[in-house]
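First comes the structure, then the notes that go with it.
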Amino acid sequence: MAFRFIVPALAAGLLLCPAAAEAETTARQMAARDAASRQASTREAASAIQMINAYRASSWMGPLRLDPKLTAAAAEQSRAMAAAGTMSHDVGGAFQARMRRHGIGDSAENIGYGYASVGEAVAGWRGSYAHNANMLNRLMTRAGFARAVGAGGRPFWTLILAR
């Protein structure tokens, strides 16, 4: 009779060893951190596009629409730069090849690193002739934006604009 009570308890996962309980807790903590990171990334992207759209409006230009496909491509590039610890349009692969891989046609990319906030990144791009021209390109209607943190807490930023 005693075996009937132990076997169902084990099958239900009620009797966990300490290592298994610790691993389960760690997995839950990691999932919570990932969810919080995704929420922060979504807020940052929306904030960046709002700032850029306000800037475009001051030049009588139409707004950009935040695009999930472009945001995924921007996130991939930011992660690649953060992992490599270097800012480069090609660190995640050649720009045009990356865009083709994501199914993105005519596009432009702004990258940056070390900016402490979304506002600083956008302001930095406004202060650069080529980056500013990308943001004010009338042909661009969609955008993706992402940040990844590299070694030492340095943030790497990517903005991708497309038709």
Side-chain angles (χ1 to χ4, degrees), residues 24-163:
E24 185 176 320
T25 300
T26 302
R28 271 192 246 128
Q29 289 170 338
M30 288 174 61
R33 268 193 308 249
D34 288 346
S37 177
R38 280 191 300 278
Q39 285 180 323
S41 295
T42 301
R43 282 191 303 271
E44 283 180 343
S47 178
I49 301 310
Q50 183 178 22
M51 287 178 207
I52 295 166
N53 281 340
Y55 180 49
R56 287 171 61 94
S58 73
S59 295
W60 303 98
M61 299 180 69
L64 299 169
R65 178 178 50 86
L66 187 59
D67 183 288
K69 187 189 300 188
L70 297 176
T71 297
E76 180 182 291
Q77 178 63 11
S78 288
R79 285 191 304 268
M81 291 188 300
T86 188
M87 185 176 74
S88 166
H89 288 285
D90 295 326
V91 72
F95 175 68
Q96 292 302 328
R98 285 189 289 113
M99 296 303 100
R100 279 193 302 275
R101 187 172 63 241
H102 284 279
I104 300 166
D106 292 339
S107 55
E109 178 178 68
N110 289 359
I111 58 174
Y113 92 102
Y115 297 117
S117 68
V118 172
E120 282 186 21
V122 172
W125 291 328
R126 284 179 63 172
S128 162
Y129 179 80
H131 293 112
N132 189 57
N134 286 341
M135 291 190 301
L136 294 180
N137 184 329
R138 292 183 186 281
L139 299 176
M140 301 302 176
T141 59
R142 301 176 296 134
F145 180 86
R147 171 184 58 91
V149 178
R154 289 185 306 176
F156 289 82
W157 306 86
T158 304
L159 169 69
I160 297 177
L161 303 139
R163 289 180 176 220

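Since this is a predicted model, take the numbers as computed values, not measurements. By convention here, the first residue in the shown sequence is residue 1.
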Item to complete: Starting at CE of M51, measure out to CH2 of W125 and round the result to the nearest 0.5 Å.
Response: 10.5 Å
Item to complete: Without swapping roles, check the side chain of E120 against the backbone of A116 for a donor-acceptor pair under 3.5 Å.
Response: yes
Worksheet item: Taking it one step at a time, do V91 and Q77 satisfy side chain to side chain contact (heavy atoms under 4.5 Å, CB included)?
Response: CA-CA 8 Å; V91 72; Q77 178 63 11; 3.7 Å; yes
Practice prompt. Please examine the side chains of L159 and I52, heavy atoms only from C-beta on, and report whether any two atoms are closer than 4.5 Å.
Written response: yes
Worksheet item: Looking at L64 and M140, what are the two nearest heavy atoms and their distance?
Response: CD2-O, 3.4 Å
Worksheet item: Taking T71 for the side chain and D67 for the main chain, is one N or O donor matched with an acceptor at less than 3.5 Å?
Response: yes
Item to complete: Give a yes or no answer on whether the side chain of S78 reaches the backbone of A146 with a donor-acceptor pair at less than 3.5 Å.
Response: yes
Discussion item. In the structure I gave you, are the side-chain heavy atoms of R56 and L136 within less than 4.5 Å of one another anywhere?
Written reply: yes
Worksheet item: Do you know the tightest heavy-atom contact between M87 and G112?
Response: SD-CA, 3.3 Å
Discussion item. Check whether Y113 forms a cation-pi arrangement with R154 (NZ or CZ under 6.0 Å from the six-membered ring centre, at most 45° off the ring normal).
Written reply: no
Discussion item. So which atom in G92 and which in A80 form the shortest heavy-atom distance, rounded to 0.1 Å?
Written reply: CA-CB, 3.8 Å
Worksheet item: Any idea which heavy atoms bring A46 and L66 closest together, and the distance?
Response: N-CD2, 4.1 Å
Item to complete: Apply side chain to side chain contact (heavy atoms under 4.5 Å, CB included) to the pair E76 and R101, showing each step before the final yes or no.
Response: CA-CA 12 Å; E76 180 182 291; R101 187 172 63 241; 2.4 Å; yes
Worksheet item: If only atom types and distance count, is the side chain of S59 paired as donor or acceptor with the main-chain N or O of M61 below 3.5 Å?
Response: no
Discussion item. Rounded to the nearest 0.5 Å, what separates atom CZ in R147 from atom CZ in R79?
Written reply: 12.5 Å
Worksheet item: Any idea which heavy atoms bring L70 and A143 closest together, and the distance?
Response: CD1-N, 3.5 Å
Discussion item. Using only atom types and a distance under 3.5 Å, with no angle test, would you say the side chain of S58 pairs donor to acceptor with the backbone of Y55?
Written reply: yes
In residues 104-111, what donor-acceptor pairs under 3.5 Å come from side-chain atoms, sequence neighbours left out?
unit_1	atom_1	unit_2	atom_2	d
D106	OD2	R163	NE	3.1
S107	OG	G105	O	3.1
E109	OE1	H89	ND1	2.7
E109	OE1	R98	NH2	2.8
E109	OE2	R98	NH1	3.0
E109	OE2	R98	NH2	3.1
N110	OD1	N134	ND2	2.7
N110	ND2	H131	O	3.2

Worksheet item: Taking all non-hydrogen atoms of both residues, which atom of R65 and which atom of R142 are closest, and how far apart?
Response: NH2-CD, 2.9 Å
Fill in: Whether W157 side chain and Y115 backbone form a donor-acceptor pair below 3.5 Å
yes
